Amino acid sequence: MRTVLYPVHVRLRARMTEFAGFEMPVSYQGIIQEHRAVRTAAGLFDLSHMGEFELAGPQALDLLERALTNSAARLVLDGQAQYTLMCQEDGGTIDDLIVYRLEAQRYMLCVNAANIQADRERLLELNRGGANFRDISAETALIAIQGPAALRILQTVTTIELGSIRRFYVAKAAVAGIECLIARTGYTGEDGFELFTHVSAAAALFDAMLEAGRDQGLLPCGLGARDTLRMEAGLPLYGHELDRQTTPLEAGLGAFVRFGREFAGSKALADEQASGLRKRLIGIRTVDRRSIARQGYELIRNGVRVGVVTSGSFAPSFDRPLAMAYVTDAGISPGEMVEVVIRGRRVAAEVVALPFYRRSR
Amino acid sequence: MEIPAGLRYSKEHEWVATEEEVATIGITDYAQEQLGEIVYVELPAVGDKISKDDAFGVVESVKAVSDIYAPVSGTVVEVNQELPESPEMINEDPYGDGWLIKVKVSDASEIEDLLDHEEYEELVAAEKE
């Protein structure tokens with residue numbers, strides 16, 4: 001599959017890769033350069049592969065309350081959004097997503113491209129009350145602008161006062177004359193916005209944004225930079241830190257699990273909370289500052305296997321490789337040393353607290 | 001993308017420049033383009049033996065790990081000492097400062113078996129399809 005912006009990527013000479021069934025740009029000019037643009041100026045991302053659902057009607061909130069770990073009832077204002085997760089009854093994670101309250105009794109969900117079908121099936125299975133469900137993925141494009149200059153750039157092409165949209169809020173407004181939902185959300189560790197629009201206007205919107213940021217250091221960014229940015233920010237990626245064998249608690253996402261009510265997985269998660277976590281997500285950095293611990297590599301301490309790497313890459317903001325890993329040994333804490341097995345060799349690595357990167361406000 | 005005449009090429013996208021019995025080995029411009037920014041290189045030591053078609057080293061880009069396969073057999077006589085500190089030289093100058101190792105070739109006929117630049121151009125064109 002291709003997103004509606006595929007011709008734009010070709011025109012911009014992107015290197016393409018397959019991701020969740022979509023031909024997506026890995027990078028345009030280089031992952032490191034794009035990564036640095038987002039940390040120092042701004043980057044523009046095509047995220048149109050992601051899925052969007054609309055849930056509406058008097059039963060919509062009830063369905064969200066039963067299906068998701070965070071409580072959508074806490075979205076008390078139109079335009080409020082929250083990060084949340086969908087779990088199996090055993091607490092294993094089906095997906096992580098954002099719920100936007102567009103108005104009372106009307107919500108939009110933004111889900112991972114790879115999980116669109118699984119999420120849809122799960123929601124329909126739980127939809128006993130008959131909430132109106134619509135999968136609007138095919139007609140919806142998503143373009144993100146992220147970075148310290150994102151607000152300044154976007155403000156030049158919209159009349160809405162962007163400062164009035166707080167973090168994790170969404171508002172309806174025209175951008176370069178194109179009707180959008182502007183959400184102040186992102187996946188890079190920087191301030192920024194995500195623009196949902198109809199696919200028919202996506203290419204015009206992408207080009208208008210590129211033009212608006214031309215002299216502001218804005219670069220088009222691919223999935224390569226998106227991955228290094230989110231890893232530095234300690235944000236989980238489904239298929240790496242999250243899967244059906246992993247609970248949100250283990251991923252360090254307990255803040256997005258609202259107990260004291262019943263939802264899919266609530267019993268299993270409460271039990272795990274009480275009895276202790278089976279594994280824990282940590283950060284590591286190889287002390288030679290060169291060796292890259294990649295997904296699947298084993299962690300060893302005192303000759304015993306204690307964990308496995310879930311994401312690892314060169315981290316451009318730190319000019320050294322970093323990785324996230326699950327450990328089963330509850331005693332492992334920041335400052336301690338482990339070994340990571342890289343092509344049969346044991347390489348020393350230091351445990352560090354997550355996130356690696358936190359922006360200065 | 002550059003494919004210089006005068007070099008020999010492997011199907012795994014290494015290039016070989018031979019002078020006397022010593023072959024200088026690197027990865028091609030096409031290979032470095034496919035990999036993206038190279039951030040880590042692992043090479044054999046001087047005196048190590050390498051055999052044709054076996055992995056003798058590793059290059060890692062931001063995204064991925066790739067083995068480098070020996071286009072010829074022989075004994076390593078020199079290793080590019082600059083690369084561990086500056087792996088980006090492979091991207092910047094794959095046929096020059098980005099060379100990987102020099103090898104004393106044990107079987108000169110293996111060099112004859114490699115592709116010439118025209119054959120390698122065809123291989124790359126086919127891969128791009």
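Numbers restart at 1 for each chain; the letters A, B, ... are given by sequence-line order, proteins then strands. Everything quoted here is computed from the prediction, not taken from an experiment.
Closest non-hydrogen pair, B:Lys63 versus A:Val26, comes out as CG-CG1, 4.1 Å. Of all non-hydrogen atoms in A:Phe314 and B:Val62, the two that sit nearest each other are O-CG1, 4.2 Å.
Using a 4.5 Å cut-off between heavy atoms, A:Ser27 makes no contact with chain B at all. Contact of A:Thr17 with chain B is not made at all, since no heavy-atom distance falls under 4.5 Å. Residue B:Pro87 does not touch chain A at all, counting heavy-atom pairs closer than 4.5 Å. Using a 4.5 Å cut-off between heavy atoms, B:Val58 touches chain A through its side chain atoms alone. Residue A:Arg290 touches chain B through both its backbone and its side chain, counting heavy-atom pairs closer than 4.5 Å.
Separating the OG atom in B:Ser61 from the CD1 atom in A:Ile292 is a distance of 7.5 Å, to the nearest 0.5 Å. With values rounded to the nearest 0.5 angstrom, B:Tyr40 atom OH is found 6.5 Å from A:Ile342 atom CD1. Within the model, atoms CD of B:Glu37 and CD1 of A:Ile31 stand 5.5 Å from one another, a figure rounded to the nearest 0.5 Å.
A salt bridge is defined here as a Lys NZ or Arg NE, NH1 or NH2 lying under 4.0 Å from an Asp or Glu carboxylate O, and A:Arg15 with B:Glu33 fails to meet this definition. Using a 4.0 Å cut-off between charged nitrogen and carboxylate oxygen, B:Glu60 and A:Arg343 count as a salt-bridge pair.
Within 6.0 Å of CD in B:Glu127 there are more than 12 heavy atoms belonging to other residues, nucleotides or ligands. The neighbour count for B:Glu20 CD, taken as heavy atoms of other residues, nucleotides or ligands under 6.0 Å away, does not exceed 12. Counted within 6.0 Å of NZ on B:Lys52, heavy atoms from surrounding residues, nucleotides or ligands total more than 12; the atom is thus considered enclosed.
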* To do: Decide salt bridge (Lys or Arg N to Asp or Glu O under 4.0 Å) for B:Glu42 and A:Arg345; before the verdict, give the C-alpha distance in whole Å, the side-chain angles of both, and the deciding distance to 0.1 Å.
  => CA-CA 12 Å; B:Glu42 210 170 86; A:Arg345 252 178 338 112; 2.9 Å; yes

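Of all the listed residues (B:Asn91, B:Val41, B:Val39), the one sharing the greatest number of non-hydrogen pairs under 4.5 Å with chain A is B:Val39.
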